[in-house]
Amino acid sequence: MPELPEVQCVVNSIKDKIENKKIKKIVRFSKNLREPLSNDLFKLENSTVKKIIRRGKYIIITLESNKDFYLIVHLGMTGSLLFKEKNQKKEKHDHLKIEFENFDLIYNDIRKFGFVIIDDSLKDNKYIKKLGVDPLKNSFENGEFLFKSSRDKNRDVKVFLLDQSIVAGIGNIYIMEALFLTKLNPKIKVKDLTFIECVNLSKTLVFLLEESIKLGGSSISDYKDADNKKGSFQDKFLIYGKKTCSICLSEVEKIKQNGRSTYFCPVCQKL
DNA sequence: ATCCCCACCTGGCCGC
DNA sequence: TGCGGCCAGGTGGGGA
């Protein structure tokens with residue numbers, strides 16, 4: 001489900017409701033997510049939510065009790081955070097309930113590829129410390145980062161941009177859409193991109209991510225924000241999941257790159 | 001150091 | 001209707 005825009009929309013939908021609110025109680029329904037839901041999570045009880053941010057595809061909630069600590073959430077493929085009224089009964093795939101005074105926040109995850117962990121430090125956290133630059137910050141859109149970081153990299157451009165340790169937040173769909181819009185073949189070696197191509201691709205990625213956030217993200221099958229609202233950016237897809245090219249009507253090709261599917265138009269996106 | 005591939009898990013869809 | 005096979009927004013780890 002969730003690439004950068006979807007995660008940002010979840011953050012946007014919970015931010016105002018839980019900031020400065022106190023967590024009353026934690027209820028754990030199961031343990032075996034990608035990272036087990038540990039007993040440390042009970043430290044959340046009686047702490048106060050200070051701040052919520054997105055970093056790559058991670059949701060980071062800063063909590064205040066004696067000293068600050070962090071709740072780190074990754075949604076995997078099917079994770080969601082959902083507001084529920086008090087005393088609703090547990091639904092299938094609910095794993096964790098964070099109870100506030102007037103509502104509950106539920107972590108639900110069908111495939112259990114996500115996780116919810118606690119850490120005292122962000123910069124030492126094994127997941128967060130590995131993340132690359134955020135494409136919505138650091139002037140990523142000027143293309144210089146992509147150009148400079150890729151000069152010696154003999155990897156397909158699509159695979160390179162999916163590497164979260166280089167750029168954090170881009171996922172399979174948005175990279176495909178960006179390559180289609182810039183008429184770049186996903187198999188081009190990233191070191192072969194010209195500076196102008198790096199500029200175009202970077203700008204296009206940022207444009208797509210920001211447009212998607214404005215539309216509430218993309219809802220394929222089951223994505224929803226914490227208020228149960230679906231996004232509509234999936235209606236803007238030009239290549240992902242398509243049979244024919246929306247520009248030239250050629251048959252869209254579907255290939256695998258590093259085990260992930262890639263859709264592209266062999267005519268518009270010639271190598 | 002890099003790169004590729006697989007496993008992790010559940011459910012939906014397609015074809016027989 | 002049922003069952004097998006394949007696919008899905010992600011990622012860490014192990015082997016080459």
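Every chain is numbered from 1 and lettered A, B, ... according to where its sequence line falls, protein lines coming before strand lines.
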task: For A/Ser219, report the nucleic acid contact type (base, sugar-phosphate, nothing); a contact means any heavy atom under 4.0 Å.
output: base

message: OP1 or OP2 of C/dA8 versus the side-chain N and O atoms of A/Tyr240: is any pair under 4.0 Å?
response: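 No, because none of the side-chain N or O atoms of A/Tyr240 sits under 4.0 Å from OP1 or OP2 of C/dA8.
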
message: Taking 4.0 Å as the cut-off, does a side-chain nitrogen or oxygen of A/Gln164 come that near to OP1 or OP2 on C/dT11?
response: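 Yes, within the criterion.
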
Nucleic acid contacts - [range] versus DNA chain C, non-hydrogen atoms under 4.0 Å:
range                       : value
residues 27-41 of chain A   : A/Arg34
residues 166-191 of chain A : A/Gly171, A/Asn172, A/Ile173
residues 201-208 of chain A : none
residues 250-262 of chain A : A/Lys254, A/Lys256, A/Arg260, A/Ser261

field: Residues A/Asp119 and A/Ser121: side-chain donor-acceptor under 3.5 angstrom
entry: no

field: Modelled atom types, side-chain donor and acceptor of A/Asn108 and A/Lys92, under 3.5 Å
entry: no

task: Give a yes/no verdict on a cation-pi contact between A/Lys153 and A/Phe160, requiring under 6.0 Å between NZ or CZ and the six-membered ring centre and an angle within 45° of the axis.
output: no

- request: Can you tell me which stems involve DNA chain C, if a stem is defined as three or more consecutive Watson-Crick or G-U wobble pairs, both distances under 3.5 Å?
  value: B:2-8 with C:10-16, B:10-16 with C:2-8

query: So, A/Glu99 and A/Lys86, do they make that salt bridge, N to O below 4.0 Å?
result: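 Here A/Glu99 pairs with A/Lys86 in a salt bridge, since their nearest N and O are under 4.0 Å apart.
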
query: Taking 4.0 angstrom as the limit, do A/Asp109 and A/Arg34 come out as a salt bridge?
result: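 Looking at A/Asp109 and A/Arg34, the cut-off is not met.
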
Can you check the distance between [N] and [M], where both ends of the measurement are the [atom1] atom (answer in whole Å)?
N     : M     : atom1 : value
C/dC3 : B/dC9 : P     : 23 Å
B/dC5 : C/dC7 : P     : 15 Å
C/dG9 : B/dC3 : P     : 22 Å

I'd like to know if the side chain of [X] reaches the main chain of [Y], judged simply by a donor and an acceptor atom lying under 3.5 Å from each other, with no hydrogens or angles considered.
X        : Y        : value
A/Ser219 : A/Gly231 : yes
A/Asn172 : A/Ser261 : yes
A/Thr62  : A/Lys50  : no
A/Glu141 : A/Ser202 : no
A/Asp120 : A/Phe69  : no

Same apolar cluster (I L V M F W Y, side chains within < 4.5 Å links), A/Leu238/A/Val252: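 Yes, A/Leu238 and A/Val252 fall within the same hydrophobic cluster.
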
- line: Value for CG (A/Leu105) from CD1 (A/Ile26), rounded to nearest 0.5 Å, stands at 9.5 Å

task: Identify, with sequence neighbours excluded, every residue that meets side chain to side chain contact (heavy atoms under 4.5 Å, CB included) alongside A/Val11.
output: A/Gln8, A/Ile52, A/Arg54, A/Ile59

message: Among residues at least two apart in sequence or on other chains, which ones pass side chain to side chain contact (heavy atoms under 4.5 Å, CB included) with A/Leu82?
response: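 Partners of A/Leu82 under the side chain to side chain contact (heavy atoms under 4.5 Å, CB included) test: A/Ser80, A/Asn228.
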
Which other residues end up in the same hydrophobic cluster as [X], if Ile, Leu, Val, Met, Phe, Trp and Tyr are linked when side-chain heavy atoms come under 4.5 Å apart?
X        : result
A/Val267 : none
A/Leu249 : none
A/Ile72  : A/Ile53, A/Tyr58, A/Ile60, A/Tyr70, A/Phe115, A/Ile117, A/Leu122, A/Tyr127, A/Ile128, A/Leu131

- request: Give the first and the last nucleotide of DNA chain B, reading 5' to 3', that has any atom under 4.0 Å from a heavy atom of chain A.
  value: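 Nucleotide range with atoms under 4.0 Å of chain A: B/dC3 to B/dG11.
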
- prompt: For A/Ile72 and C/dG12, what is the distance between atoms CD1 and P respectively, to the nearest whole Å?
  reply: 12 Å

field: Spacing between A/Tyr58 atom OH and C/dG10 atom P, to the nearest angstrom
entry: 12 Å

task: Could you give me the CA-CA distance, side-chain angles and deciding distance for A/Glu253 and A/Lys187, then say whether salt bridge (charged side-chain N to carboxylate O under 4.0 Å, His left out) is met?
output: CA-CA 12 Å; A/Glu253 263 189 52; A/Lys187 288 178 285 190; 5.1 Å; no

message: I need the minimum non-hydrogen distance between A/Asp225 and A/Asp227, along with the two atoms involved.
response: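 Between these two residues, the closest heavy atoms are OD1-N, 2.8 Å.
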
field: Sole candidate of A/Phe233, A/Phe180, A/Tyr263 that passes ring pair (Phe, Tyr, Trp, His ring centres under 6.0 Å) when paired with A/Tyr240
entry: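 Only one option passes, and that is A/Tyr263.
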
query: Hey, can you pull the residues of residues 109-133 of chain A with a non-hydrogen atom under 4.0 angstrom from DNA chain B?
result: A/Ile110, A/Arg111, A/Lys112, A/Phe113

query: What about A/Phe100 and A/Phe83, are their ring centers closer than 6.0 Å?
result: no

